[in-house]
Amino acid sequence: MGSNPHRLYIKGIKMRILVVEDDEKIAHFIKKGLEEESYNVDVTHHGDEAIYLAQVNSYDLILLDIMIPGTDGLHVCKIIREKNVTSPIIMLTARDRLEDKIDGLDSGADDYLTKPFAFEELLARIRAQLRNKSQISNII
């Protein structure tokens, strides 16, 4: 991990990411890795808390597992989209069937990455989503 020349900042501000993951070891690994890349990271292990956090905080991106306690990730995604949360969402899940990927994307996710994953690929997907968000903001 470490310093990355591809790191994205908007006007010198660290990007803020919400990680929604029930497996504490995976959540810690993702949080630590993202913080090493200079992202600000919040973590929750519960779907209902994810809905609340996504509404009261301004996140640049959300990493969302499907199989989480409380409201599952697919419903979390649908609900926060209904609440007009526009943060890019990357589903990060062990569900790897084609139907699961379609359900995730149709629920409002912008990308879908299956576990296990290479952390460098996750970083590249995050950068791509943040670039897209930045380009849309510049147009508006």
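Between atom CD1 of residue Ile89 and atom CG of residue Leu18 there is a gap of 9.5 Å, rounded to the nearest 0.5 Å. Once rounded to the nearest 0.5 Å, the distance linking NZ of Lys14 with CG of Leu34 reads 11.5 Å. For the atom pair Ile68 CD1 and Thr71 OG1, the distance stands at 7.5 Å (nearest 0.5 Å).
Not counting sequence neighbours, the partners of Asp111 by the salt bridge (charged side-chain N to carboxylate O under 4.0 Å, His left out) test are Arg125. Partners of Glu24 according to the salt bridge (charged side-chain N to carboxylate O under 4.0 Å, His left out) rule, which considers only residues two or more places apart in sequence or in another chain, do not exist here. The salt bridge (charged side-chain N to carboxylate O under 4.0 Å, His left out) test applied to Lys31 returns Glu35, not counting sequence neighbours. Residues meeting the side chain to side chain donor-acceptor pair (under 3.5 Å) test with Asp72, sequence neighbours left out: His75. Considering only residues two or more places apart in sequence or on other chains, Asp48 meets the salt bridge (charged side-chain N to carboxylate O under 4.0 Å, His left out) condition with none of them.
Without hydrogens or angle criteria, Glu21 side chain to Asp23 main chain gives a donor-acceptor distance under 3.5 Å. Checking side-chain atoms of Ser87 against main-chain N and O of Tyr59 turns up a donor-acceptor pair under 3.5 Å.
In this structure, the side chains of Val20 and Leu92 stay at 4.5 Å or more apart for every pair of heavy atoms.
Enclosure of atom OH in Tyr52 is not indicated, since only 12 or fewer non-hydrogen atoms of other residues, nucleotides or ligands lie within 6.0 angstrom.
When the options Asp103, Ile90, Leu64, Thr93 are evaluated for a side-chain contact (heavy atoms from CB on, under 4.5 Å) with Tyr112, the one that passes is Thr93.
Pairs of residues two or more places apart, or lying in two chains, that qualify as salt bridge (Lys or Arg N to Asp or Glu O under 4.0 Å) and include a residue from residues 77-96 are Arg81-Asp110.
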